[in-house]
Amino acid sequence: MAEKSAKEAASSLDFIRTIIEEDIKVNKNDGRVHTRFPPEPNGYLHIGHAKSICLNFGLAREYKGLCNLRFDDTNPTKEEVEYVDSIKEDIRWLGFDWKDREYYASDYFETLYGYAIQLIKAGKAYVDDLSADEIREFRGTLTEPGKESPFRNRSIQENLDLFERMRAGEFPDGARTLRAKIDMASGNLNMRDPVMYRILRASHHRTGNDWCIYATYDWAHGQSDSIEGITHSICTLEFEGHRPLYNWFIEQLGIFPSRQIEFARLNLSYTVISKRKLLQLVEEGQVSGWDDPRMPTISGMRRRGYTPEAIRDFCDRIGVAKRESTVDIALLEHCLREDLNRRAQRVMAVLRPIRLVIDNYPEDKLEMLEAVNNPEDESMGTRKVPFSRILYIEREDFREDPPKKYFRLAPGREVRLKHAYYVTCKNVIEDDNTGEIVEVHCTYDPETRGGWAKDGRRVKGTLHWVSADHAIDVEVRLYDHLFTLEDSSNVTEGTDFKDYLNPRSLETLTDCKMEPSLKDAAPGDRFQFLRQGYFCADADSTKEKLVFNRTVSLRDTWAKIEKALKTKG
RNA sequence: UGGGAAGUCGUCCAACGGCAGGACACAUGACUCUGGAUCAUGGAAUCGGGGUUCGAAUCCCUGCUUCCCAGCCA
C-alpha cells in the first residue's frame, strides 16, 4: 500500500521535482536542496508570489533542505523598506519561515565588486563610455547583430582604473557602465555585452549613500545565488533567455554553480497579476490601497478574509509547469469555500432587510433560541439567538408573485425561520405612494419551535432572520471580480487594462442587521452568514459600527435557476 | 527574416512507447432545518500533416499557432 502510494506520488512529480530527485539520486551538491525566494522590495506580494513562495519553501520542506529569503534590492530608485516589511509579514502569514536566513543582494555589493574586478582582470569585462542611447543603437536588433563599442578593447589597466573611479563617484550618473565582454553578434540579446553596473546616485534603503554604482539584475542575481549555495534557483519563464548569461558569469568566476530553472508564472482570470499594474491601480486611486480586499495581493486577500490554508491549497492544486496558462479564479474560490466551510461559525445577518411581523406572537415576548454554530463541526457548540414578534428577513426572500421553483416566502406560503418556527404569510403592507412592500405579516405555529413540525409536515424554504429589537446595525461590503475581462492578456487593440475595471466590484450596504452575538467581533474574525457567504470583520470597524467584507459568496443554486428561467423567457 | 520556450477536456495539471486520468467549471439526480455542505452520475481533450513501431500524447521530420528577448528594470 505504502509502496503504491509512493509510486503514485513519483509518477506525478512536476518537472522541477523530477529534476531535484534526479539530482539527489546522483548526489549532486551532496544531495543538498537549497532554494530561495527573491522578491524585489518594490511592491506588495500577490497571489503569483504565493505560488513561488509555496514552491520554494515547499521544496525545501519536502526535501529537508533550506529556503532563503533574499531581497533583490539592486535598484534603489524603486525600493522601499515599507515593501520589505510587508513582504516579510505576508510570507509569515502564509505560514513559511526563513529562520535567520534573511539576506539582501545589497549584502553582497562588496563581494560583487570584487568579482567584477576579477572579470576585468580576466579581460572579460570593460568600462564603456557609450550613453544609454548609444548602447541601444550598438546592440543591433532581433535579426541583425550588434556592433562592438569603440571602448570595448581598453587595456585591463585602464578598465581597472576607470571602474575604481566609477565607484569613487568621479563620473556623473549614466556616464559610464561596466559591461561583460561576451559576443555582440549573439542571437541571444542578453549575451551582447550586458551591462553589469550603472552609475546611479540614489539613496539605498540599506546601504544609504555608500554606493553610486549599482549592479544590474543579471550581474547580481546569479552571483547571489552562488554565494548562498543555492542549488536550485527557480524563477519565471521570462528569464529563460537569461540562463546562458547566468551560467556564463558563474563559469567565468569559477564559483558555486547554482542551477536556474524556469516555470510559468500564475495568471488568474478576471484580475491582473503584475506589480506594475497593481501599483498603477494603487497610485491612481482605483482601489483603496495595496490591501484593498479586491486586490489579488496577499495583504488584500488577507483583509478580504482568505485563509493561508486556502491559498496554499490552491497553489498545490494548480501545479507547476512550463506552459503559460490562466487559472480559473473559480478554483481559488473553491479552495476558499472548502476551507471556510469547515471552520467558519454560522451566524445570521440580513443584508437587505424588510420587516416581518408575526401577528399572533405576543408583543412583549422574547425567546432565546438555540442555534448550532457549525453543522460541520459539532465541537463548535451552540449559541442563543433572540426571537421576538418583529423580525427582519432578506427582502429577496419574499415575493408577492413568486416565479416557478421559488420556495421562499410568498402570500399564503409557509416557510421555516431557521432555528425558530414555521411562519405563514398572511398579507403585506405597501407604501401608499411607492407601492413598495414595507412589511410582511405572518402567523407562526407555536408547535414548530426549534424548526420542527410535530405533525411531520415539511416546508421547502428556510430563511435566516434577526430580531428587530435586538439586531445590531452593520455595514457590509460586497465584492466582485476587479475586472470584467476574463483574460487580461486579451485586451483589444487600443484599449488599456483599466478600461476593463468592473464598476460593480464593490457594493457597500450600510443598513444591514445582524444577530447580537457578533457585537464584539474583531477585525479578521471570519463567519458564514447563513445562506449568503463567508464574511470577515474589516479593520474599518468602529465601536459604533462593525464593517464586514464578503470574502466569497456561497454557491447559489437558486441564482442559477432564476437566471436560466429568465433567459428562457 | 535572429535566439529561446510552449501547444492534452471550457480551465489547470497528469500520463515519460502500452486502456488519455484527476481537480475546478458545467449538467443531472439523491440527500438536507443553509437552494450551503455532502453523495452519485454524465458530457467533455492529445495543434495540423507525414513517418518509425505490433502499438505514438509520448520518438523522428515538417508545417501552424502562442509566449519571451532589442532597460543603465527585475
Side-chain angles (χ1 to χ4, degrees), chain A residues 11-14 18 38-40 42 72 74-75 77-78 128 130-132 135-137 139-146 173-179 185-192 194-200 213-214 216-218 220-221 235-244 262 264 266 269 275-276 317-335 337-338 341-342 346 348 372 375-376 405-408 416-420 422 450-452 458-464 486 489 528-533 553-562:
Chain A
S11 69
S12 65
L13 287 181
D14 59 62
T18 303
E40 184 191 9
N42 67 342
D72 219 337
T74 57
N75 185 356
T77 64
K78 293 184 177 172
D128 196 355
L130 254 31
S131 69
I135 285 181
R136 190 182 321 116
E137 282 165 30
R139 187 154 30 228
T141 68
L142 292 177
T143 52
E144 301 156 31
D173 286 9
R176 287 184 158 94
T177 57
L178 183 74
R179 292 230 258 168
S186 173
N188 181 346
L189 267 50
N190 298 121
M191 300 299 272
R192 318 241 264 227
V195 171
M196 296 165 61
Y197 279 99
R198 68 275 210 187
I199 300 173
L200 201 58
I213 57 172
Y214 288 94
T216 56
Y217 166 85
D218 283 313
H221 200 94
C235 62
T236 44
L237 248 30
E238 66 269 27
F239 294 103
E240 222 154 12
H242 293 245
R243 188 172 359 114
E262 312 85 14
L266 171 68
S269 59
K275 267 199 273 187
R276 203 197 95 246
R317 293 208 208 191
I318 57 176
V320 183
K322 295 198 73 156
R323 168 160 40 150
E324 296 194 63
S325 59
T326 299
V327 176
D328 191 340
I329 197 165
L331 178 61
L332 215 209
E333 294 172 344
H334 168 82
C335 294
R337 288 193 185 103
E338 193 173 77
N341 176 51
R342 265 196 302 267
R346 273 61 169 170
M348 293 197 287
V372 167
E376 304 286 321
K405 296 183 182 174
Y406 183 89
F407 43 83
R408 278 115 94 144
R416 171 169 40 234
L417 295 178
K418 180 82 178 173
H419 308 305
Y422 284 14
W452 296 104
R458 324 269 286 198
V459 288
K460 293 203 81 175
T462 298
L463 313 187
H464 59 277
E486 181 166 358
S489 69
Q528 183 194 100
F529 288 4
L530 225 57
R531 301 210 299 137
Q532 306 192 99
S553 67
L554 248 27
R555 282 189 66 226
D556 191 347
T557 306
W558 165 243
K560 279 182 195 169
I561 294 170
E562 194 176 30

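The figures that follow rest on heavy atoms only: side chains count, while hydrogens, waters and symmetry mates do not. Note that this is a predicted model, so its numbers are computed, not measured.
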Regarding [X], tell me which of base, sugar-phosphate or nothing describes its non-hydrogen contacts under 4.0 Å with the strands shown.
X: A:I561; result: base
X: A:P375; result: base
X: A:F407; result: base
X: A:R458; result: sugar-phosphate
X: A:V320; result: sugar-phosphate
X: A:T326; result: sugar-phosphate
X: A:R192; result: nothing
X: A:F529; result: nothing
X: A:R346; result: base

Rounding to an integer number of angstrom, what distance separates [N] and [M] when you compare their [atom1] atoms?
N: B:G50; M: B:G43; atom1: P; answer: 29 Å
N: B:C68; M: B:U58; atom1: C1'; answer: 26 Å
N: B:C13; M: B:A25; atom1: C1'; answer: 15 Å
N: B:A37; M: B:A14; atom1: C1'; answer: 28 Å
N: B:A27; M: B:A6; atom1: P; answer: 36 Å
N: B:G10; M: B:G3; atom1: P; answer: 34 Å
N: B:A23; M: B:C9; atom1: C1'; answer: 12 Å
N: B:A57; M: B:G18; atom1: C1'; answer: 13 Å

| note | A correct dot-bracket answer for RNA chain B, with pairs being Watson-Crick or G-U at under 3.5 Å, [ ] for crossing pairs and | for inter-strand pairs, is .((((((..((((....[..)))).(((((.......)))))....(((((..]....))))))))))).....
| remark: For A:S269, the side-chain contact (heavy atoms from CB on, under 4.5 Å) test, sequence neighbours excluded, returns A:T326, A:D328, A:I329, A:E486
By salt bridge (charged side-chain N to carboxylate O under 4.0 Å, His left out) - contacts of [X] (at least two apart):
X: A:R531; value: A:D397
X: A:E238; value: A:R265
X: A:E376; value: none

| message | Is there a side-chain contact between A:S325 and the phosphate of B:C13, meaning an N or O under 4.0 Å from OP1 or OP2? | response | yes
May I have the distance from [X] (atom [atom1]) to [N] (atom [atom2]), rounded to whole angstrom?
X: A:K418; N: B:U32; atom1: NZ; atom2: C1'; value: 9 Å
X: A:L266; N: B:C13; atom1: CG; atom2: P; value: 10 Å
X: A:R531; N: B:U32; atom1: CZ; atom2: C1'; value: 14 Å
X: A:W558; N: B:U32; atom1: CH2; atom2: C1'; value: 19 Å
X: A:Q528; N: B:A37; atom1: CD; atom2: P; value: 9 Å

| task | Could you please name the option among B:G35, B:A5, B:C12 that lies closest to any side-chain atom of A:I318? | result | B:C12
| said: Counting only side-chain heavy atoms from C-beta out, which of B:A14, B:U34, B:G35 sits nearest to A:A321? | reply: B:A14
Output a table of donor-acceptor pairs, distance under 3.5 Å, between side-chain atoms of residues 554-561 of chain A and any protein atom two or more places apart or on a different chain; print 'none' if there are none.
residue : atom : partner : partner atom : Å
A:D556  : OD1  : A:W558  : N            : 3.3
A:D556  : OD1  : A:A559  : N            : 3.0

Closest contact, heavy atoms only, [X] versus [Y]:
X: A:V195; Y: A:R179; answer: CG2-CD, 3.8 Å
X: A:G241; Y: A:P244; answer: O-CD, 3.5 Å
X: A:T74; Y: A:Y214; answer: O-CB, 3.6 Å
X: A:L463; Y: A:R408; answer: CD2-CG, 3.6 Å

| Where each residue is assigned the nucleotide of RNA chain B containing its nearest heavy atom, which of A:L530 and A:V327 is assigned the position nearer the 5′ end? | A:V327
| message | Any N or O donor-acceptor pair under 3.5 Å from the base of B:U34 to the side chain of A:Q532? | response | no
| request: Could you tell me whether the side chain of A:E262 has a donor or acceptor atom within less than 3.5 Å of a complementary atom in the base of B:G4? | output: no
| said: Syn or anti for B:G71? Use the chi torsion, O4'-C1'-N9-C4 for purines and O4'-C1'-N1-C2 for pyrimidines, with syn inside 90° of 0. | reply: syn
[X]: what forms a side-chain hydrogen bond (donor to acceptor under 3.5 Å, both in side chains) with it, not counting sequence neighbours?
X: A:H419; value: none
X: A:E240; value: A:K322
X: A:N341; value: A:R346
X: A:T462; value: A:R416

| task | Do nucleotides 17-29 of chain B as a string where each nucleotide becomes B, S or -: B if the base has a protein heavy atom under 4.0 Å, S if just the sugar-phosphate does, - if no protein is that close. | result | ------SSSSS--
| note | Nucleotide by nucleotide, nucleotides 66-74 of chain B touches protein heavy atoms under 4.0 Å in the pattern (B base, S sugar-phosphate only, - none) -SSBBSBSB
| message | Using a 3.5 Å distance criterion without hydrogens, assess whether the side chain of A:K418 forms a donor-acceptor pair with backbone atoms of A:L530. | response | no
